[in-house]
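To find a chain, count down the sequence lines: A is the first, B the second, and so on, and within it residues start at 1.
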Amino acid sequence: MSDSKPVRVRFAPSPTGPLHIGGARTALYNWLFAQTQGGTFLLRVDDTDHARSSEESLNNILDGMRWLVMDWDEGPDKGCDFGPYFQMQRMGGYKPRLEKLVAEGRAYPCFCTPEQVQEGRERQEKEGGRPMYDRRCRSLEAAEAKSRVEEGEAHTIRFAMPEGKIVIDDLIKGSVEVDLAEIDDWVMMRADGTPLYNLCSTLDDLDMEITHIIRGEEHFVNGVKQVLLFQALGHEPPRFAHLPLILGKNGKKLSKRMAQTNLPDYRDQGYPPKAIVNFFTLLGWGFDAEREIFTMEEAIERFSLDKVQKSGSILDDEKMSWMCGVYIRNESRAELLGHVTPFLVAEGLCTEEEVAQHRAWFENLVACYQERVRTYGELPPKVVHYLRGFEDYEPKAWKNLNKKEGTAELLEAYKESLAALALPPSRPDRLDEADTTVLLPTDKVEEVPAEGSTPFLYPKHIENAAHALAKSREIGFGQLVHPIRAALTGSAMGPSLFDVVYLLGREECERRLDRAIAALSK
RNA sequence: GUCCCCAUCGUCUAGCUAGGUCCAGGACGCCAGGUUUUCAUCCUGGUAACAGGGGUUCAAAUCCCCUUGGGGAUACCA
């Protein structure tokens, strides 16, 4: 039984486009399986579709795998015993065995043109049968075939399908009986002499001692062809596990219309890779009855192929989004800032140097938005006003400013009350101590020291002052807070207002209050 | 069309292998409350499913059959 051999699995993408999320999940399940078995996970590039393969796609796939932290034990960039890991570089091994199969009558040259084959298919379909190659070249005399080949006549090599039935014992689908008469005499080698997927893949899996082939369900019929080829070659085939597909919201095969299908897009928008991996692991497999958030280490402890769902699953991007939020909320402020910085820089809001210089302030800033974003990419637009100011008041904010008579005067009073408080200075004169001593957001601060006992004012103290002001003017706290938020941020939403005041610092708060007062008096 | 696979809340799933503990559990979403200076987070509660029909059995979400529905495959693509 192949089970006794050391487990070796492979992810074998064809570099014809960016890494698709379906492919990423296939890779993930292979990786997971290898981990659970203490086996080897290798990456092989199935680039026999030379017309569509590109180096760009290859790099894209490799980057995507690395981003998801699925490391491979063997692959294109690693020197190992079973290389090379590009099929196009393994050509030498294909020809002799192909010739042997022809000599044995297990494969045969076919001189039909694509057009002739197509006609044959259409005719059969019209007659109510299955659209298959009519196998006319299979009955050619061996000698005749040989001489035509030697004369250089264009031909493909087809596999001579045996008769009868075969039972595939799929690790996910279970036993499936297939009538061989349903399957074409498939082409192993093109007329131009280049080999095709089912040939290369089989030979490579054989040579690389692959024990388990885990891949998408669309390959199921290929599995039958490959088993037959293994047998024709006199070898025990590996075990197969065909994963159900990921479907779009309408239950149809996932397409670009329905969701993002390319992994790089998720990375570019700032989805946390761990959340993606968690989510895709869960899509088609259940951790247990109660939990859906888990680490890969935990998944490895209990992952098994026979627990994989047999039916396709619809990608629910709302749930994925929720899960991303969970992961972001669980990050430390330093991790969060590390992940967000590239997005801030890409938006031109700051440079890496600035972040490094004012690390404490930036950590406080992003920490205030940690519960308000689900991807790293959502953060920059929310914090742009701290770094660049804002152009116009949002309609809702403007309404909050204008709701009542006397708001300008109220803002003036607030500004004066601020003058009495020990607010930290605004950037660029900000002091690091202001943000290393006082950590935001306040609702995560457990204990606030008494006012005056520390050199820096806590947002809580700023809030106390605001309460006092509201009381003295006999207005509700909300009546005070809403216009101030609008004046300070141009928006009606955001973190605790006094965290905002703290982050902005004295001069900037005064500036923005003045601006609002001026705007109101127009 | 033909062949293969699948079928639990709108969605992801637990339960099905060894039928009773399931008038079906969790999560996302949604709805309603609570916390709160807004938004978000958080907490509480609610909504909602065994596709249909036949069997087998004392007993079926769990086993069998049919129907229906969905998916995949039918390339000198992978």
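A sub-4.0 Å separation between OP1 or OP2 of B/A14 and a side-chain N or O of A/Q309 is present. For A/T48, a side-chain nitrogen or oxygen approaches OP1 or OP2 of B/A78 to under 4.0 Å. Phosphate contact (OP1/OP2 of B/C76, side-chain N/O of A/R121, threshold under 4.0 Å): present. Of the side-chain N and O atoms in A/K252, none sit less than 4.0 angstrom from OP1 or OP2 of B/G70. The phosphate of B/C39 has neither OP1 nor OP2 within less than 4.0 Å of any side-chain N or O from A/R374.
Judged by distance alone with a 3.5 Å cut-off, a donor-acceptor contact links the side chain of A/K319 to the base of B/C12. With hydrogens and angles ignored, no donor-acceptor pair closer than 3.5 Å exists between the side chain of A/R329 and the base of B/U41.
Of all nucleotides listed (B/U2, B/C28, B/U13), B/U13 comes nearest to the side chain of A/S313. Closest to the side chain of A/E218, out of B/G72, B/U37, B/A7, is B/G72. Closest contact between the side chain of A/D316 and the listed nucleotides B/G71, B/U38, B/U11 involves B/U11.
Spacing between B/G29 and B/C12 at atom C1', rounded to whole Å, works out to 11 Å. Spacing of C1' atoms, B/U8 relative to B/A27, comes out at 15 Å, to the nearest Å. The same atom, P, is picked in B/A24 and in B/C9; the two are 14 Å apart, to the nearest Å. To the nearest whole angstrom, the two C1' atoms, one in B/C42 and one in B/C5, are 44 Å apart.
Look at B/U21: it lacks any Watson-Crick or wobble partner with both distances under 3.5 angstrom. B/U11 and B/A27 make up a base pair, with Watson-Crick or G-U wobble contacts both under 3.5 Å. Taking a pair to require two hydrogen-bonding distances under 3.5 Å in either a Watson-Crick or a G-U wobble arrangement, B/C42 pairs with B/G34. Pairing of B/G1, defined by two Watson-Crick or G-U wobble distances under 3.5 Å, is identified with B/U74. For B/U56, there is no paired nucleotide, since no Watson-Crick or G-U wobble pair has both relevant distances below 3.5 Å. Nucleotide B/A61 is matched to nothing when pairs are restricted to Watson-Crick or G-U wobble geometry with both distances under 3.5 angstrom.
A distance-only check finds a donor-acceptor pair linking the side chain of A/D288 to the backbone of A/R291 [under 3.5 Å].
Centroid-to-centroid, the aromatic rings of A/Y197 and A/H219 come within less than 6.0 Å. Aromatic pair A/Y29/A/F303: ring centres closer than 6.0 Å.
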**Request:** Check step by step if side-chain hydrogen bond (donor to acceptor under 3.5 Å, both in side chains) holds for A/Y502 and A/N364.
**Result:** CA-CA 10 Å; A/Y502 193 86; A/N364 263 347; over 6 Å; no

**Request:** Check step by step if side-chain hydrogen bond (donor to acceptor under 3.5 Å, both in side chains) holds for A/D134 and A/Q124.
**Result:** CA-CA 8 Å; A/D134 58 19; A/Q124 291 195 30; 5.2 Å; no

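Looking at every heavy atom in both residues, A/L480 comes nearest to A/A466 through CD2-O, 3.3 Å.
In this entry the distance linking CG of A/L497 with C1' of B/U36 reads 13 Å, nearest Å. Look at CE on A/M132: it is 11 Å from C1' on B/U2, rounded to the nearest Å. Nucleotide B/U41 holds its P atom 12 Å from the CH2 atom of A/W322, rounded to whole Å.
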